[in-house]
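Note that the structure is predicted; figures quoted are calculated from it, not measured.
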Amino acid sequence: MEHSLWNHLPLLVRANTKESVEYILQALWRTRQTGLDSADRLVIRDILQLPNDTDLDPLLVCLRMLIRRCVYENVSKDEIRKCFPEEVLPELQRLLTLLLQKFQTEWRADVFKDQVDFPRLKAMTWNMANQDAAEGTDPVAVISLKLQNDTQSHSEVKFQLGKDTLETMVKSMYCIRDQLSDLGGASNKQISQGTDIA
């Protein structure tokens, strides 16, 4: 985290109460996918006694980064305090550590609920077919994919591909394979997005 962002954390002292800081963290988590609306921003500015958004935005960025680190990375409750550099006031470290510990389990559960259940490919079959033999059109490949999700329910998807479309798809699949190979050596700390193919 950039050093300059930490300089905005002391603004939280203006909140005066632990409940006010708790409200700010909860509002940031609640709006993690949409961003704060103007009403939320106004409430937070009032809590912190800020005349405009100039100082508010860097503080919110810093807090969002802290929240993400505590929720998405493997930071145990006991290690949250280690996320802060020494220049952060001890009373702020204690307060933020206490609140982040309080909500960490709940927020991780929210992340789990937010995840999209991507189906996995279980089987693929194909055959050749003429769309309309009377018109002399080129044959197409009829692809059938059998998919399974985490609830073990199955579904089947069928589609047709002509030669040109199939060539484009195969080239794209090679690109995907190469990118996956490149990423294979790198450590991935993010939550899985369902890229496994069984």
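- Residue Gly162 comes nearest to Val140 through the heavy atom pair CA-CG1, 4.2 Å, listed as atom of the first residue, atom of the second, then distance.
- When side chains are defined from C-beta on, Pro58 counts as touching His8, because their heavy atoms get closer than 4.5 Å.
- Within 6.0 Å of CE on Met173 lie no more than 12 heavy atoms contributed by other residues, nucleotides or ligands.
- In this structure Arg14 satisfies the salt bridge (Lys or Arg N to Asp or Glu O under 4.0 Å) test with no other residue, sequence neighbours excluded.
- Closest non-hydrogen pair, Arg64 versus Gly35, comes out as NH2-CA, 4.0 Å.
- Partners of Thr34 by side chain to side chain contact (heavy atoms under 4.5 Å, CB included), not counting sequence neighbours, listed by chain and number: Thr31.
- Heavy atoms only, all atoms of each residue included: Val21 and Leu12 are closest at CG2-O, 4.1 Å.
- The side-chain hydrogen bond (donor to acceptor under 3.5 Å, both in side chains) analysis of residues 93-105, with sequence neighbours excluded, yields the pairs Glu22-Lys102.
- In terms of the side-chain hydrogen bond (donor to acceptor under 3.5 Å, both in side chains) criterion, residue partners of Asp110 (sequence neighbours excluded) are, by chain and number, Trp29.
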Kindly indicate, with the supporting measurements, whether the criterion side chain to side chain donor-acceptor pair (under 3.5 Å) is fulfilled by Gln26 and Trp107.
CA-CA 10 Å; Gln26 286 280 58; Trp107 289 347; 3.2 Å; yes

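- Screening residues 24-37 for salt bridge (Lys or Arg N to Asp or Glu O under 4.0 Å), with sequence neighbours left out, gives Arg30-Asp40, Arg32-Asp114.
- Here the side chain of Thr168 pairs a donor or acceptor atom with the backbone of Asp164 at under 3.5 angstrom.
- Every residue two or more places apart in sequence or in another chain that forms a salt bridge (Lys or Arg N to Asp or Glu O under 4.0 Å) with Asp57 is listed here: Arg41.
- The two atoms that bring Leu56 and Ile44 nearest to each other are CD1-CG2, 3.6 Å, heavy atoms only.
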Given Leu147 and Glu156, is the side-chain contact (heavy atoms from CB on, under 4.5 Å) satisfied, shown in steps?
CA-CA 6 Å; Leu147 308 173; Glu156 189 168 348; over 6 Å; no

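- Asp138 and Lys163 are not joined by a salt bridge, as no carboxylate oxygen comes within less than 4.0 angstrom of a charged side-chain nitrogen.
- Here the shortest heavy-atom pairing between Ala27 and Leu36 reads O-CD2, 4.0 Å.
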Is there a side-chain contact (heavy atoms from CB on, under 4.5 Å) between Lys18 and Leu99 once you walk through the steps?
CA-CA 9 Å; Lys18 180 182 115 179; Leu99 292 174; 4.2 Å; yes

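- Val88 approaches Phe84 most closely through the heavy-atom pair CG1-CD2, 4.2 Å.
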